[in-house]
Protein chains: 2
Amino acid sequence: MQDAKEIGRSPMPSVDKALRAVMELAEAGVDGLALADLADRLSVNRSSLHATLRALRHRHFVDQDRATGHYVLGSSLLAAANLYYRNFDLRGALRPVLVRLAAELNEVFHLAILDGTDLLYLEKVESRRPIQPGTSIGHRLPALTTALGRAIVAATCRDIEDFRARFAGHLEPRTAAAPRTLDEEWVEIERAQRLGHARDVEHNIEGLTAVAVALRLNGSPAAAVSIVTLTPDFQASGEEYFANLLRERLAASLPAQLELETPRGEI
Amino acid sequence: MQDAKEIGRSPMPSVDKALRAVMELAEAGVDGLALADLADRLSVNRSSLHATLRALRHRHFVDQDRATGHYVLGSSLLAAANLYYRNFDLRGALRPVLVRLAAELNEVFHLAILDGTDLLYLEKVESRRPIQPGTSIGHRLPALTTALGRAIVAATCRDIEDFRARFAGHLEPRTAAAPRTLDEEWVEIERAQRLGHARDVEHNIEGLTAVAVALRLNGSPAAAVSIVTLTPDFQASGEEYFANLLRERLAASLPAQLELETPRGEI
DNA sequence: ATGGTCGTTCGGCAATGTACAACAGGTCCC
DNA sequence: GGGACCTGTTGTACATTGCCGAACGACCAT
């Protein structure tokens, strides 16, 4: 029961307000936000937000620009996130590979893991193209209808019953082309099992197509890497081209604990 | 007045408790902590901590391991810290250089900035030696008595009056060898101004010696890079050797906005 | 069974965060 | 120069809220 999505509304308003402030300041980036501006975005009164920010400042979770008075993220966040080792290993291991690939091919690469039914982006390496997917590191998305999610699901789900049990109610199509039922989605998953890579032809963002392969960490499927291209480029070079590219390049420079998921190949 | 260190104790206990929980979980790392264990470390009751953790979980600032029930850091921290751009530029620019240096020389390198009177570590590249300084990225330390701090202070302080005004009451010697008065500390600072690099001979950690040079970002002193060695190795090769090494290697691969602090050389 | 954990839930009291208003310090614009 | 706005910050009552002790169901080890 409580395994359901915990839709219960905010417990502990004061703490929740502090966390929302941190997230909003994160989006604001380097320039930070003025107190009044932040209060507007969170729909809270300035004075109570001021007290909250004082508490955050006390632990250096936010800092205040001496010149402008704007509030910006503090250093404790940097310190805390740096100890988020569980993912950092994966990130550290794959980042050099992805950076090199991105530089050579001028395409966007993603690294993500599955957390429950959510996809969690651990790394994004950008290209120099004008059109970029709106993802960012730490972003959380429903796993289905993305190539990354499909690749991991394909590697972890035995059959359609298993699939239905885990993802019933978790299909949230984001574009017109995306499957609208679990059965349609399963067709993509099963295809990914046979071929050893998953695709997402404008099922996630209009105009963009992605191909992803899953990675096994110490034998069990854990993560996936994807390449994102414009749909016309994808159709010109063909799905096999990108899939082979990913597999070959990754295989050549993968650390010991990691291995590529292999195609099951059965009809 | 309020520019003084805000020693006023914790405002907003509930928020402060949440932040302390996050910091404690950060130290715990991948394995996380059990609720009872965390409650002990924070000296709070389990039930009230449970409510706090629920609020943190709600925004994915912490997650709970399904198997063990242990609490671990969540993904929102990763997302938030990734937007801490102000420092990330420096980090991203210098990390490749430091990694290469560390690989070749098998020593520890640090990158830090000055935040008020505190030193803030932005990067640490480790060596393969058994003895490592206990610093970590995001760590915050009083600036004085470290080579990194001295290098930046030397670049930003004109004279001893300026120095006294900024650092009165902020000298916290951490080893027996460290200066115990501002006058003694100023001797090191002035020396750093003349030579163009700062040293720390067991003023910070027993057995370790560091040499640091300051960097100017768009013309104004902002950061410092240090190399940390065992004191015997330091004495064998000599201070000049390490200082020149740092200067030459950094100068060779510094991005456009950055430049090395130059020795003032007077007297 | 029994004692010992653990994570979690419940309720009553009191501490706490909230909101409205007023304050001090700016900048802008007649 | 002086008003009219901004801003960030500080009081002060009220009632909402988080705190604590105790009890609950699960689990694991005797």
Side-chain angles (χ1 to χ4, degrees), chain A residues 1-22 24-25 28 31-74 116, chain B residues 1-22 24-25 28 31-74 116:
Chain A
M1 285 299 176
Q2 73 274 27
D3 204 5
K5 220 172 179 177
E6 303 195 24
I7 326 186
R9 78 193 167 297
S10 65
M12 242 184 252
S14 59
V15 171
D16 197 63
K17 183 193 305 185
L19 301 184
R20 282 172 58 211
V22 167
E24 201 68 45
L25 286 176
D31 298 327
L33 286 174
L35 173 60
D37 197 355
L38 184 58
D40 283 350
R41 302 194 188 204
L42 300 179
S43 303
V44 297
N45 267 14
R46 291 206 298 274
S47 53
S48 97
L49 179 60
H50 179 71
T52 302
L53 288 174
R54 180 125 69 109
L56 287 168
R57 216 171 29 180
H58 185 255
R59 297 280 175 199
H60 282 291
F61 271 71
V62 311
D63 281 327
Q64 201 168 8
D65 191 314
R66 334 203 128 198
T68 65
H70 281 31
Y71 288 91
V72 295
L73 283 192
Chain B
M1 285 299 177
Q2 72 275 27
D3 203 4
K5 218 174 180 178
E6 304 193 23
I7 325 187
R9 79 192 165 297
S10 64
M12 243 184 249
S14 59
V15 171
D16 197 62
K17 183 192 305 188
L19 301 183
R20 282 171 58 212
V22 167
E24 201 67 46
L25 286 176
D31 298 327
L33 285 175
L35 173 60
D37 197 355
L38 184 57
D40 283 350
R41 302 195 187 202
L42 299 179
S43 303
V44 296
N45 266 6
R46 291 206 297 275
S47 52
S48 97
L49 179 61
H50 178 73
T52 302
L53 288 174
R54 181 126 67 111
L56 287 167
R57 216 170 27 180
H58 186 254
R59 297 278 175 201
H60 281 291
F61 270 72
V62 311
D63 282 327
Q64 200 168 9
D65 191 314
R66 334 202 128 199
T68 66
H70 281 31
Y71 288 91
V72 296
L73 284 192

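- The residue from B:Val22, B:Val44, B:Leu53 that alone fulfils the side chain to side chain contact (heavy atoms under 4.5 Å, CB included) condition with B:Lys17 is B:Val44.
- Going from atom NE2 of A:His50 over to atom CG of A:Asn45 covers 13.5 Å, rounded to the nearest 0.5 Å.
- Note: CE (B:Met12) to P (C:dA15) measures 18 Å, nearest angstrom.
- Interatomic distance, CG of A:Leu19 versus CD of A:Glu24, reported as 13.0 Å (0.5 Å rounding).
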Using the salt bridge (charged side-chain N to carboxylate O under 4.0 Å, His left out) rule, take A:Arg57 and A:Asp63 through it: C-alpha gap first, then chi angles, then the decisive distance, then the call. CA-CA 6 Å; A:Arg57 216 171 29 180; A:Asp63 281 327; over 6 Å; no
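- Put simply, CG on B:Leu49 and CZ on B:Arg20 are 9.5 Å apart, with the number rounded to the nearest 0.5 Å.
- Rounded to a whole Å, the CD atom of A:Gln64 is 8 Å from the P atom of D:dG8.
- Of the residues in residues 45-53 of chain B, those with a non-hydrogen atom less than 4.0 angstrom from any atom of DNA chain C are B:Ser47, B:His50.
- For the pair B:Arg54 CZ and C:dG7 C1', the interatomic distance rounds to 12 Å; values are reported in whole Å.
- Listed pair A:Ser14 / C:dT16 fails the phosphate criterion, with no side-chain N or O lying under 4.0 Å from OP1 or OP2.
- Rounded to the nearest 0.5 Å, atoms NE2 (A:His70) and CG (A:Leu38) are 10.5 Å apart.
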Could you summarise the pairing of DNA chain D as dot-bracket text, marking Watson-Crick and G-U pairs under 3.5 Å with ( ) or [ ] inside the strand and | across strands? |.||||||||||||||||||||||.|||.|
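- Rounded to an integer number of Å, the gap from CG of A:Asp16 to P of D:dT16 is 19 Å.
- The interatomic distance linking A:Leu35 (CG) with C:dA19 (P) rounds to 13 Å, in whole Å.
- Between A:Tyr71 and the phosphate of D:dT7, there is no side-chain N or O to OP1/OP2 separation shorter than 4.0 Å.
- In this structure, B:Lys17 does not reach the D:dG18 phosphate: none of its side-chain N or O atoms is under 4.0 Å from OP1 or OP2.
- Between the NE2 atom of A:His70 and the C1' atom of D:dC6 there is a distance of 12 Å, rounded to whole Å.
- Separating the CG atom of A:Leu38 from the C1' atom of D:dG8 is a distance of 13 Å, rounded to the nearest angstrom.
- Contact record, B:Met12 with A:Ala51: CE-CB, 3.1 Å, taken as the closest heavy-atom pair.
- Mapping A:Thr68 and A:Val15 onto DNA chain D by nearest heavy atom places A:Thr68 closer to the 5' end of the strand.
- Taken to the nearest 0.5 Å, the CG atom of A:Leu56 stands 10.0 Å off from the OH atom of A:Tyr71.
- Between atom CZ of residue A:Arg46 and atom CG of residue A:Asp37 there is a gap of 11.5 Å, rounded to the nearest 0.5 Å.
- Rounded to whole Å, the distance from CG on A:Leu33 to P on D:dT7 is 13 Å.
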